[in-house]
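First the structure, in the form of structure tokens, and then the observations on it.
Since this is a predicted model, take the numbers as computed values, not measurements. The figures that follow rest on heavy atoms only: side chains count, while hydrogens, waters and symmetry mates do not.
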Amino acid sequence: MSTSAGFLFCYVGYFVKKNGHVNGIEEPLLSDDAKETQDMDNVTPYSHAGVFSILTFSWVGSLVAAGYKKTLDLEDVPQLDIRNSVAGAFPSFRDKLEDDYGANAINSLTTFKLAKSLVMSASKEILFTAFLALLGTVASYVGPYLIDDFVQYLDGQRQNQGYVLVSAFFFAKIVECLSKRQLYFRFQQIGLRIRSLLVAMIYNKVLTLSCQSKQGQSSGEIINLMTVDAERIGVFSWYMHDLWMVALQVSLALLILYKSLGIASFATLVTTIVVMLANVPLGSLQEKFQNKLMESKDIRMKATSEILRNMRILKLQGWEMKFLSKITELRKTEEGWLKSFVYTSAMTSFVFWAAPTFISVVTFGTCMFLGIPLEAGKILSALATFRILQEVIFSLPDTISMIAQTKVSLDRISSFLRLDDLPSDVVEKLPQGSSNTAIEVIDGNFSWDLSSPNPTLQNINFKVFLGMRVAVCGAIGSGKSSLLSCVLGEVPKISGNLMVCGTKAYVAQSPWIQSGTIEHNILFGKHMDRERYEKVLEACSLKKDLEIFSFGDQTIIGERGINLSGGQKQRIQIARALYQDADIYLFDDPFSAVDAHTGSHLFKECLLGHLCSKTVVYVTHQVEFLPAADLILVMKDGRITQSGKYIDLLKSGTDFMELVGAHKKALSTLYSLDGATTPNEISTLKQEENVSGTHDFKEKEASKDVQNEETHNKSEPQGQLVQEEEREKGKVGFSVYWNYITTAYGGAMVPFILLAQILFQALQIGSNYWMAWATPISTHEQARVEEMTLIGVYVGFAIGSSFCVLVRAMLLVTTGYKTATILFNKMHFCIFRAPMSFFDSTPSGRVLSRASTDQSAVDTIIPYQMASLAFSMIQLLGIITVMSQVAWQVFVVFIPVIAVGIWYQQYYLPAARELARLIGICKAPVIQHLAETISGTSTIRSYDQQSRFRETNMKLTDGYSRPKFSVSGAIEWLRFRLDMLSAITFAFSLLVLISIPPGIIDPGIAGLVVTYGLNLNTIQAWVMWNLCYIENKIISVERMLQYTCIPNEPPLVVEEDRPNPSWPSYGEVDIQDLQVRYAPHLPLVLRGITCKFGGGLKTGIVGRTGSGKSTLIQTLFRIVEPTCGQIMIDNINISSIGLHDLRSKLNEQIWEALDKCQLGDEVRKKEGKLDSTVTENGENWSMGQRQLVCLGRVLLKKSKVLVLDEATASVDTATDNLIQQTLRKHFSNSTVITIAHRITSVVDSDMVLLLSQGLIEEYDTPTTLLENKSSSFAQLVAEYTMRSNTNFEKL
């Protein structure tokens, strides 16, 4: 063993020397900034620590000391060194993978190949941990081997061996301590690295997934792979040596037993094998239940993710509680598998806690049967061996369970990694500048679903030269967006050729905005060029918006741009595209989300100005933007039915004439109004407007904005909408533990669980005490009881202790399961009842991390860790009791040692606690970044930004790993010191025993003290470790309890103020001095609006983007509560009634509604009709079709007040005309409030409300407003009509 210890020191020294320098051939993937950070002094001291520092974990002492003095923040946590960062590990792992399995290795990665690659990536560390495990195991068996000798020495049969034996015991303990501390730390290192590699692989796969593969995997399922499966595989590093260690430990145990008990040890072997074989069916059941549990968790997380993304819609419709019921039902399915899993675990726990007692009964019974004499020393040696064997047998079910869980997780990840990537041969990319053709498609056939007999795009042929402007038009669902996706290479190719020359920039129809600042979204990875940046802001009409925001372009955008209007999000997208300075620009109908004035400005300044020399392909429903195109592609049913210039297309074909005719029909409504501008006046008005009209309008608007902004800046609070995640500081409050313990059955089960453990411990000690007292020290002495009595009493103790274990196990899993269920229900109820402001300011990653990672901890970790803490404390008290019976002098050392141990623990805990909280906080950005990437893969790929996003993911992953690495070092820092204290206590107790004169104490009982003393350091360290570990893990409960305290929305139903069932019967909406802000720290959005919408009248709401139109609607539904003022509907204050009474009611006329919103025929074509699948976020429908589905929901409701917020923005004019007719027909007696940028959608309203900067600028009938040529509404109409009749081609 001395030789082995020498090897330990040499090997540690070798590792220090080898790893102290970064391997020069490792390929760093971090950015320059990150590299600089890596080179800073803040890199973990572990990277340059010496041998002594590594052995004693002194390198982490400075961080523990800092945590004791102050609350640790992330900047206090050292950076990872290159060996342990994913940036250092992943390149070599990826290269090795490709060398072994080919360039396309990931797509063919089986579970076995993945497991092998992960093992090989850490092969040296794994071999070193195997050596440490071997050394620690051998050292742990020295004590049991020497106990018989020690008892014989105390009996006076051996002389002058006392100090030698004490030295051997002590040295073995020191070696065991050093090897195990290094072993466990390196286990965590390996696990951290493997987890990081898997996260990088999963993330990289997301960036290459084909759209069809992506539709089969929800974002919730992918997030689960990263948060649960990768984490679990990382944790498996703790168990990787267990199987061969079991064989080794059993072999060593049998050798010691053979020395003590002879051939009776073979009975031990047979019994051990039987017990282990009994675990096989339990293990297979656990694997099955674990698999099902993960599948059900995936389904729940998919639903949760989708619900969080669309919570605003659910609240507007009053459906949030129905969807909460759906989540609860999904959780019940999950709970069914969880229940099966935990009860199977309970049976496994019972079998293996009872197994050592069963083995000892069989072994001693065999000795009696064979006539082998049972002596105290031999029995105590056997009992000490059984105790070590108990740890082996007890850990085996955990190991088998973990193997099962890890295999499930490996299967799931490898299945995901094998999904089809986006085909690389869809687009032939020509070198930049090598051709004057930017885009060319020859006989192209493309399909989102290659298994479908009907291709999405058929017989596509067109050619776009450099610098051309190409317009794509057609009815909804005709394939316009798919055509752009085809050019991006997103749609799988069936046949034909597609060539693209140059870099691309893409503006999606549904804006994709990242969390972060506005500047960050516009730059999108490019370096700041202030001059170009300012020009882009000007071209995209963003300067005025930035003046409104308290922090300008440093304003933090919430998740999915939650704190921006639709038009602002779209203009930021356009700005992002312009700033990239690409060769080819693809615009997917970006002008529908903005008002007419802004749309014209964007078209002129961006497409015709900023991009005049670029190749631009733009999809549009605005016919007035078509004449400016060099080529127009008219689409219908996935085909290009016509192509050519505007004038040529007017002369031929019906499809294009249908679009133009619908547009002219919509305009005729404007011309029919008194005082409206007629086509004959257009040219004159255009000239006047160019000289003065628009200038006056802009000047008036600008002066008002400046005035409002000045007032606003003086009086209003300022702050970011999205705040940093709330983080508790200091010690975890007792209330958290108490809440957790008393959640299930009011804590009534806890005393019974503790009583069962106390009885179990008492019976265990009693049985060992009985055997030590009743058996003779040697064959020369007379036995105190008959052999049958000896075994009979021992069997009685065994049966009693086994029963206690069974009761304890069943009560524990029942209580843990019930607690997890209650906490889940409480947290989700509070989340679903939270006001919309909570979802606006809380990234979904924070909610998802609690619903997945924290919930998993509560389901399967925390109850057993809390129980383990209580059980180990009871064991420690039992050991102290036994030792004090014989050698009370041990308290001379034991009391100060305990005091020092407690001081160490209190010194360590502040740092560990804050590091654990930082782990929770650093995890959310990783999830958030993944979720954003999943939804924005098309945009990311179109800009060729995959490498930057991979780099960001690695930085975030390392950011999460930093506190985890420090935590693993800190816990071993504590355990090493506690182990040393325990070793000193044990050595002192041995010295006391050998110093007591012979005959004063019973050598057998003294041997029992040694038997328990051997376990002292393990149990004491286990108590301290459990205490610290549970404080770290209980933070999951703390985080969940945070979300059970979210302030609720007002009541869904107020019984004493329920309106009449027929309310609202008239539909009059009276708004009085309405002021609204989104959060107390944010400025007012609406600043004192007073107006009345007459019952049964149609009111159109117009205004610049960001003027407060949608905020007014949200206040009407009480999505946002008024800060001041009130809204009355039919003389009832809406703030006085329940939310569900306010929000609309639903009926079943689905087909009728679909026909009314022009979707009936489209749904009838689908094989499943109304049961047809809608993929996550409706990705298998066009944007226009999605809007029509939402409109269909409204048509199902016989509401007296109907609100439409840009409901037809993404549909063509013809469809819009039909829908407007439907609304006029079916809601003739309802109050209809319409927000629209398409003036024709509101111009036939009874009243028009024009908002500007949260104030009413104009409110009157359209006719009255149009008669006044200087009115802002007249200017908007003039702008729209002029735009509609402008030949942009000449500009």
Query - Sidechain-backbone polar pair: R1118 side chain, I1134 backbone, donor-acceptor under 3.5 Å - result: yes
Requested in this report: Specify the closest pair of heavy atoms between Q1275 and K1269, including all atoms of both residues, with the distance to one decimal.
Outcome: NE2-O, 3.4 Å
Report task. Evaluate side-chain hydrogen bond (donor to acceptor under 3.5 Å, both in side chains) for Q573 paired with R576, printing each intermediate quantity in order. Result -> CA-CA 5 Å; Q573 267 212 132; R576 175 170 63 205; 3.2 Å; yes
Query raised in the report: T1099 and T1231: side chain to side chain contact (heavy atoms under 4.5 Å, CB included), yes or no, with the steps?
Result: CA-CA 8 Å; T1099 301; T1231 302; 5.6 Å; no
**Report entry** Over 12 foreign heavy atoms within 6.0 Å of CG, N1131
**Finding:** no
Query raised in the report: What closest approach, in Å, do Q554 and T517 show between heavy atoms, and which atom pair accounts for it?
Result: O-CG2, 3.6 Å
Query raised in the report: Would a 4.5 Å heavy-atom cut-off, applied to side chains only, mark T1234 and K1098 as touching?
Result: no
Query - Side-chain touch I1137/W1063, heavy atoms, less than 4.5 angstrom - result: yes
Query raised in the report: Okay, side chain of R1058, backbone of D1141: is any donor-acceptor separation there less than 3.5 Å?
Result: no
Query raised in the report: For V1120 and R1077, which heavy atoms make the closest approach, and how far apart are they?
Result: CG1-O, 3.8 Å
Requested in this report: Verify the distance criterion only: is there a donor paired with an acceptor across the side chains of S935 and R309 at less than 3.5 Å?
Outcome: no
Query raised in the report: In Å, rounded to the nearest 0.5 Å, how long is the span from OG of S305 to CG of L848?
Result: 5.5 Å
Query raised in the report: Is there side-chain contact between T304 and I327, with at least one heavy-atom pair below 4.5 Å?
Result: yes
Report summary line: Distance col, row L1266:CG vs D1260:CG, nearest 0.5 angstrom, shows 10.5 Å
Query raised in the report: Is there a donor-acceptor pair under 3.5 Å between the side chain of T1261 and the backbone N or O of M1247?
Result: no
Query raised in the report: Does the side chain of V1201 reach to within under 4.5 Å of the side chain of P1064, using non-hydrogen atoms?
Result: yes
**Report entry** 4.5 Å side-chain heavy-atom contact, T1115 and I1071
**Finding:** no
Report task. Would you check, one step at a time, whether the test side chain to side chain contact (heavy atoms under 4.5 Å, CB included) holds for D545 with I572? Result -> CA-CA 11 Å; D545 299 275; I572 288 172; over 6 Å; no
Requested in this report: Test side chain to side chain contact (heavy atoms under 4.5 Å, CB included) on F832 and M311 and set out the steps.
Outcome: CA-CA 8 Å; F832 276 69; M311 186 59 80; 4.1 Å; yes
Query raised in the report: Would a distance-only check, ignoring hydrogens and angles, find a side-chain to backbone donor-acceptor pair under 3.5 Å from D553 to I518?
Result: no
**Report entry** Full working for side-chain hydrogen bond (donor to acceptor under 3.5 Å, both in side chains) between S515 and E932
**Finding:** CA-CA 8 Å; S515 300; E932 286 183 342; 2.6 Å; yes
Requested in this report: State, to 0.1 Å, how close I1046 and A834 come at their nearest heavy-atom pair, and which atoms those are.
Outcome: CG2-CB, 3.6 Å
Requested in this report: Could you tell me whether the side chain of E1258 and the main chain of F1273 form a donor-acceptor pair under 3.5 Å?
Outcome: yes
Requested in this report: Apply the test side chain to side chain contact (heavy atoms under 4.5 Å, CB included) to residues M1128 and N1133: give CA-CA distance (whole Å), side-chain angles for both, the deciding distance (0.1 Å), then the verdict.
Outcome: CA-CA 4 Å; M1128 309 286 288; N1133 185 342; 3.7 Å; yes
Query raised in the report: Hey, is the main chain of M827 close enough, under 3.5 Å, to the side chain of T1044 for a donor-acceptor pair?
Result: no
**Report entry** 4.5 Å side-chain heavy-atom contact, V1277 and L1265
**Finding:** no
Report summary line: Taken to the nearest 0.5 Å, the spacing of Q1075 CD from I1089 CD1 works out to 10.0 Å
Query raised in the report: If we only count heavy atoms from C-beta on, is the K315 to F839 side-chain gap below 4.5 Å?
Result: yes
Query raised in the report: What distance separates L1202 CG from S1230 OG, expressed to the nearest 0.5 Å?
Result: 7.0 Å
Query raised in the report: A508 and Q570: which non-hydrogen atoms are nearest, and at how many Å?
Result: O-OE1, 3.4 Å
Query raised in the report: CG of L1112 to CG of L1074: how many Å apart, nearest 0.5 Å?
Result: 6.5 Å
Report task. Give a yes or no on whether the backbone of K1092 and the side-chain of Y1259 come within a donor-acceptor separation of less than 3.5 Å. Result -> yes
Query raised in the report: Short question: side chain of D1130, backbone of G1067 - any donor-acceptor pair under 3.5 Å?
Result: yes
Query raised in the report: Distance from L316 atom CG to L1142 atom CG, nearest 0.5 Å?
Result: 10.0 Å
Requested in this report: Using atom types as modelled and distance alone, determine if a side-chain donor or acceptor of R571 lies under 3.5 Å from a backbone N or O of S541.
Outcome: yes
Report task. Give a yes or no on whether the backbone of A924 and the side-chain of S849 come within a donor-acceptor separation of less than 3.5 Å. Result -> no
Query raised in the report: Is the closest side-chain heavy-atom distance between E1121 and P1050 below 4.5 Å?
Result: yes
**Report entry** Minimum-distance pair of heavy atoms, taken over all atoms of P835 and P1047
**Finding:** CD-O, 3.0 Å
